[in-house]
Amino acid sequence: MTNMINDRVAALGSQAQGQLAEEFARIDAIAQENTTRVLSAFQEHRVADGYFAGTTGYGYDDLGRDQLDKIYADLFGTEAALVRIQFVNGTHAIACALFGALKAGDVLLSAVGAPYDTLLGVVGAVDKGPGSLKDYGVEYRQVELLDNKPDLEGMSRAAADPRVKAVLIQRSKGYSTRASLSVAEIGEMCQVIRAANPGAAILVDNCYGEFVETLEPTHVGADLVVGSLIKNPGGGLAPTGGYIAGRRDLVEGAAMRLTVPGIGGECGCTLGQNRLLYQGLFLAPHTVAQAVKTAVFAAKVMELLGYETEPRSSAVRHDIIQMIHMREPEALKKFCKGIQFGAPVDSYVTPEPWDMPGYDCQVIMAAGAFVQGASIELSADAPMREPYTVYLQGGLTFESGKLGVLLAVQELLGPSA
């Protein structure tokens with residue numbers, strides 16, 4: 001470490017870590033409880049080496065795939081689940097869930113303002129090509145935040161329209177500046193929505209939140225959760241894919257959208273990837289804890305330097321994302337350059353802002369990952385717009401995440417540090 005980090009920055013890191021014992025102990029306790037849940041599910045479903053054999057072609061009778069669906073359903077407390085490498089990303093899985101739950105004439109309501117940028121084209125709020133929900137006759141509405149927090153009264157009023165057939169809750173902050181939602185807050189929102197409209201399906205974009213707490217949104221009233229396997233639940237090993245877990249009819253509807261009516265989840269070969277999906281899930285509670293520790297450490301270091309962070313280093317976490325307000329573009333670029341230098345892959349690359357598909361402004365992204373785009377691996381990204389806030393996430397091990405953060409700080413402070 002002394003060869004990479006100068007004395008001032010190393011001392012800053014030691015100071016920060018020395019003040020985080022209580023927070024780290026809390027994170028470790030959550031990881032222990034979640035590991036117990038995962039191990040119990042593996043034992044209950046008698047996971048064996050035969051589950052790891054892959055299929056090709058249609059993927060009929062893929063025992064490992066089908067049992068993994070059941071394990072996910074158990075972990076999320078749901079009737080059914082769909083875990084597939086055919087989902088290209090979280091946005092794809094969410095889109096399948098929405099198309100499966102809605103039909104022409106229905107209304108989709110977003111409960112906490114606009115969803116993540118890549119979903120705006122899916123719902124038809126912006127024109128990003130043909131095939132949006134809007135093109136298929138589904139109307140989109142959203143409840144704006146009130147003082148940067150969920151507006152429960154506004155949510156109740158908007159959900160009361162009987163044409164509202166699905167309500168989308170985004171757990172993580174995305175590129176907004178609101179706080180990410182706790183499972184308890186989502187449970188409260190579910191109660192409000194259910195009271196106003198018992199027939200509406202409540203879908204939660206669960207990306208970045210799995211295993212950060214000991215409960216998931218489906219344990220507190222959500223009908224469906226959706227996420228990406230190259231984020232938390234893949235444990236850093238899943239090479240691609242996504243999952244959907246929840247009410248059986250909603251899962252089946254999403255499966256029909258992923259493939260076609262009449263086939264649904266019956267097809268979908270696994271191409272020898274089952275072992276990585278199982279092993280990644282087994283490691284996920286621990287790996288998520290490493291990422292959360294990295295985020296807490298980053299917050300503490302940046303707070304010691306006078307930067308504004310959200311959440312604060314002392315806060316209880318609800319996802320793996322750490323927001324740091326850099327306030328000006330050059331500082332943002334320097335921070336991302338340091339994170340890239342701390343990556344095990346492509347460390348020599350200098351990240352630059354670019355026109356990333358699905359976004360309405362240039363985005364800078366530092367990500368040197370073993371799995372391309374894997375947000376459970378240390379990465380930092382930001383839209384190049386005010387207030388020039390960087391979103392840091394991931395870290396397969398705290399030790400490597402800590403190094404990456406300190407290298408980012410060293411780059412930010414410059415040679416005089």
Side-chain angles (χ1 to χ4, degrees), residues 4-6 8-9 12-13 16 113-121 126 128 145 148 172-180 208 294-295 297-313 319-343 345-369 372-375 377-395 401-417:
M4 301 178 70
I5 307 297
N6 65 41
R8 178 191 170 190
V9 174
L12 181 66
Y116 192 67
D117 296 45
T118 56
L119 277 172
L120 295 177
V126 298
K128 295 189 177 179
L145 298 172
N148 219 25
S172 184
K173 60 177 66 69
Y175 279 157
S176 73
T177 54
R178 70 166 171 86
S180 295
Y208 304 104
T294 299
F297 176 78
K300 175 59 75 173
V301 169
M302 297 306 286
E303 287 161 12
L304 291 173
L305 290 173
Y307 285 87
E308 182 184 353
T309 65
E310 205 296 312
R312 299 284 293 177
S313 59
D319 66 6
I320 65 171
I321 297 177
Q322 179 60 51
M323 190 165 64
I324 305 165
H325 296 301
M326 307 305 296
R327 298 300 180 192
E328 56 96 14
E330 289 309 310
L332 176 56
K333 291 178 184 179
K334 288 178 180 178
F335 187 90
C336 289
K337 181 180 179 181
I339 291 293
Q340 186 72 39
F341 184 57
V345 181
D346 292 333
S347 62
Y348 55 89
V349 173
T350 298
E352 294 288 347
W354 66 296
D355 297 315
M356 192 172 179
Y359 298 85
D360 62 1
C361 68
Q362 286 196 322
V363 174
I364 187 169
M365 181 170 289
Q372 189 183 87
S375 302
E377 301 186 51
L378 184 65
S379 61
D381 50 278
M384 296 302 295
R385 61 189 181 215
E386 293 183 347
Y388 297 104
T389 296
V390 67
Y391 297 80
L392 177 80
Q393 59 270 315
K402 175 182 175 180
L403 273 175
V405 170
L406 293 181
L407 286 167
V409 169
Q410 189 163 275
E411 183 67 30
L412 182 64
L413 296 179
S416 59

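Computed over heavy atoms, backbone and side chain alike; hydrogens, waters and symmetry mates excluded.
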side-chain hydrogen bond (donor to acceptor under 3.5 Å, both in side chains) partners for [X], two or more places apart:
X	result
Tyr307	none
Ser180	Lys173, Asp319
Ser379	Gln393
Glu308	Arg327

Would you please name every residue forming a salt bridge (Lys or Arg N to Asp or Glu O under 4.0 Å) with [X], sequence neighbours left out?
X	result
Glu386	none
Lys300	none
Lys337	Glu411

Report the residues that fulfil side-chain contact (heavy atoms from CB on, under 4.5 Å) with [X], sequence neighbours left out, ordered by chain and then residue number.
X	value
Asn148	Leu145, Thr177, Arg178
Gln362	Pro353, Asp355, Met384
Ala343	none
Arg385	Asp117, Tyr175, Asp360, Cys361, Pro383

What pair of heavy atoms forms the shortest contact from [X] to [Y], and how long is it?
X	Y	value
Thr309	Ala299	CG2-O, 3.8 Å
Ala114	Leu120	CB-CD2, 4.3 Å
Gly13	Leu406	CA-CD2, 3.9 Å
Ile320	Ser375	CD1-O, 3.8 Å

[X] side, atom [atom1]; [Y] side, atom [atom2] - distance, nearest 0.5 Å:
X	Y	atom1	atom2	result
Thr389	Gln322	OG1	CD	11.0 Å
Ile364	Lys333	CD1	NZ	7.0 Å
Phe335	Leu407	CZ	CG	10.5 Å
Met365	Tyr391	CE	OH	12.5 Å
Glu328	Tyr388	CD	OH	9.0 Å

Looking at side-chain heavy atoms only, is the closest gap between [X] and [Y] below 4.5 Å?
X	Y	result
Leu412	Met302	yes
Val345	Glu377	no
Pro311	Met323	no

Self-check item: ring-ring contact (aromatic ring centres under 6.0 Å, His included) partners of Phe297, counting only residues at least two apart
Solution: Phe398

Quiz item: Only one of Val390, Asp381, Thr350 clears side-chain contact (heavy atoms from CB on, under 4.5 Å) with Cys336; which?
Solution: Val390

Practice problem: Show the numbers, then the answer: is there a side chain to side chain contact (heavy atoms under 4.5 Å, CB included) between Leu305 and Leu12? | Solution: CA-CA 9 Å; Leu305 290 173; Leu12 181 66; 3.9 Å; yes

Quiz prompt | Polar side-chain atom of Glu303 near backbone of Ser313 as donor-acceptor pair, under 3.5 Å | solution = yes

Quiz item: After noting the C-alpha distance and the side-chain angles of Leu392 and Leu378, does the key distance pass the side chain to side chain contact (heavy atoms under 4.5 Å, CB included) rule?
Solution: CA-CA 8 Å; Leu392 177 80; Leu378 184 65; 3.8 Å; yes

